[in-house]
Number of protein chains: 2
Amino acid sequence: MKNVEEVVEKFQEQRYKITPQRREVFSILVNNENHPKAEEIYTELEARMPDVSLATVYNTLNILEELGMIDAVSIVGDDAVHYDPNTEPHDHLYCICCHRIVDIIRDRHDSNFYEKELLGFRIIKRHITYYGYCPDCQEGLEII
Amino acid sequence: MKNVEEVVEKFQEQRYKITPQRREVFSILVNNENHPKAEEIYTELEARMPDVSLATVYNTLNILEELGMIDAVSIVGDDAVHYDPNTEPHDHLYCICCHRIVDIIRDRHDSNFYEKELLGFRIIKRHITYYGYCPDCQEGLEII
DNA sequence: CTCTTTGCAAACTGTTTGCAATGCC
DNA sequence: GGCATTGCAAACAGTTTGCAAAGAG
């Protein structure tokens with residue numbers, strides 16, 4: 001998701017209508033590196049459009065995912081789905097302490113290429129998540 | 001989790017009591033390669049002990065996870081937590097179609113070793129999941 | 001005999017659904 | 001104007017919690 005207009009076009013191609021609510025969700029996601037959950041997107045959206053509903057956020061996210069404009073990210077120990085508007089192959093660092101998710105782009109060999117067949121499975125995509133402590137949270141731990 | 005007695009000892013070390021319910025959950029998990037969810041463990045348990053409660057399953061799983069005897073596994077598109085009694089480093093193959101999770105042990109270089117520091121994060125563990133179609137489900141797709 | 005654990009039901013969180021009213025195209 | 005989309009509330013799935021009764025050590 002590079003810019004709002006790109007997403008608008010993709011929606012129109014598929015005969016999905018462009019509402020002010022949807023356009024605003026697009027603009028919250030474009031260039032967003034925070035891997036927000038639906039609830040967080042809703043909070044930001046509500047500040048701009050007081051009467052929106054959380055269901056509209058879910059509806060929009062589900063279409064975006066179906067169209068391949070965002071990726072869903074699952075984290076062990078966090079039951080909400082996080083959304084990533086960067087659909088280029090890359091990995092994630094997750095801080096067990098402050099729960100932030102950070103993108104990490106490894107060299108081409110690691111991130112872009114992986115076996116397309118393993119144990120007879122035909123592989124479509126790969127998710128790599130590293131669990132640990134981010135720099136800020138390590139400082140807090142150093143006291144120990 | 002190699003055998004029930006090993007788990008019993010670990011529980012006793014930590015002053016957790018051994019109940020018939022817990023012992024039965026242990027035996028369901030030992031050598032289980034199906035990555036079951038709580039609900040699935042409950043179903044199997046119920047067949048052996050008709051009056052158990054799902055809450056007891058969750059209680060036991062949470063202690064097992066805290067003691068490091070099982071790992072939790074999260075899958076995009078599946079909201080339930082799956083449990084893996086194999087805590088040796090390994091990766092997972094997930095079938096988008098039939099939802100089965102299969103262990104895959106890569107060579108030592110891939111599975112056991114990874115950077116312990118990335119972008120300033122201190123890394124504790126790594127999860128790799130490959131999403132795709134298992135051999136059985138590919139057969140069904142071949143018609144297309 | 002004490003204190004943990006159990007079963008049950010209710011609470012809770014994240015997400016989906018049903019539906020009348022609204023509003024894109 | 002027709003049909004998708006909205007907001008709201010209720011429904012749903014997975015998990016946790018509160019509590020009286022049961023039971024392990």
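Note that these values count all heavy atoms, side chains included, but never hydrogens, waters or copies made by symmetry. This structure is a prediction, so every number in the text was calculated from the model and none was measured. So you know, we letter chains A, B, ... as the sequences are listed, proteins then strands, and number each from 1.
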Determine whether Leu61(B) and Leu29(B) satisfy the following criterion, side chain to side chain contact (heavy atoms under 4.5 Å, CB included), listing intermediate values before the conclusion.
CA-CA 10 Å; Leu61(B) 289 170; Leu29(B) 285 170; 3.9 Å; yes

Pick base, sugar-phosphate or nothing for Leu54(A), based on heavy-atom distances below 4.0 Å to the nucleic acid.
base

Tell me the interatomic distance from Glu46(B), atom CD, to dC8(C), atom C1', rounded to whole angstroms.
13 Å

Between Arg22(B) and dT4(C), is there a side-chain N or O to OP1/OP2 distance below 4.0 Å?
no

Nearest whole angstrom, please: distance from the P of dG23(D) to the CE of Met49(B).
11 Å

Phosphate-side-chain proximity, Tyr58(A) and dT15(C), N/O vs OP1/OP2 below 4.0 Å
yes

So what does Gln21(A) hit on the nucleic acid, given a heavy-atom distance under 4.0 Å: a base, only sugar-phosphate, or nothing?
sugar-phosphate

Nearest whole angstrom, please: distance from the P of dT4(C) to the CG of Asn62(B).
18 Å

Just call it for Pro50(A): base, sugar-phosphate, or nothing, with non-hydrogen atoms closer than 4.0 Å on any strand.
nothing

Can you tell me the distance, in whole Å, between the CG atom of Leu61(A) and the P atom of dT6(D)?
12 Å

From CD of Glu40(B) across to C1' of dG14(D) the rounded distance in Å is 13 Å

For atom CD1 of Ile41(B) and atom P of dT15(D), their distance in whole Å:
10 Å

Heavy atoms only, 4.0 Å cut-off, all strands: where does Ala55(A) land among base, sugar-phosphate and nothing?
base

Spacing of Asn59(B) atom CG relative to dT16(D) atom P, expressed in whole Å
10 Å

Among side-chain atoms of Arg22(B) and Thr56(B), is any donor-acceptor pair under 3.5 angstrom?
no

Does the distance from a Lys or Arg side-chain N to an Asp or Glu carboxylate O, for Glu115(B) and Arg106(A), drop under 4.0 Å?
yes

Taking for each residue the nucleotide of DNA chain D with the nearest heavy atom, is it Tyr42(A) or Ile63(A) whose nucleotide lies nearer the 5' end?
Ile63(A)

Taking only the side-chain heavy atoms of Lys17(A) (C-beta and beyond), determine which of dC24(C), dG25(D), dG7(C) contains the nearest atom.
dC24(C)

Nearest-Å distance, CD (Glu39(A)) to P (dT16(C))?
13 Å

Test salt bridge (charged side-chain N to carboxylate O under 4.0 Å, His left out) on Asp71(A) and Lys125(A) and set out the steps.
CA-CA 11 Å; Asp71(A) 280 334; Lys125(A) 66 178 171 189; 5.3 Å; no

Of Pro20(B) and Asp79(B), the one whose closest nucleotide on DNA chain D sits nearer the 5' end is Asp79(B)

What's Arg15(A) touching, base or sugar-phosphate or nothing? Going by heavy atoms closer than 4.0 Å.
nothing

Check the side chains of His92(B) and Asp84(B) for a donor-acceptor pair under 3.5 angstrom, ignoring hydrogens and angles.
yes

Taking only side-chain N and O atoms of Thr19(A), does any of them lie within less than 4.0 angstrom of OP1 or OP2 on dT6(D)?
yes

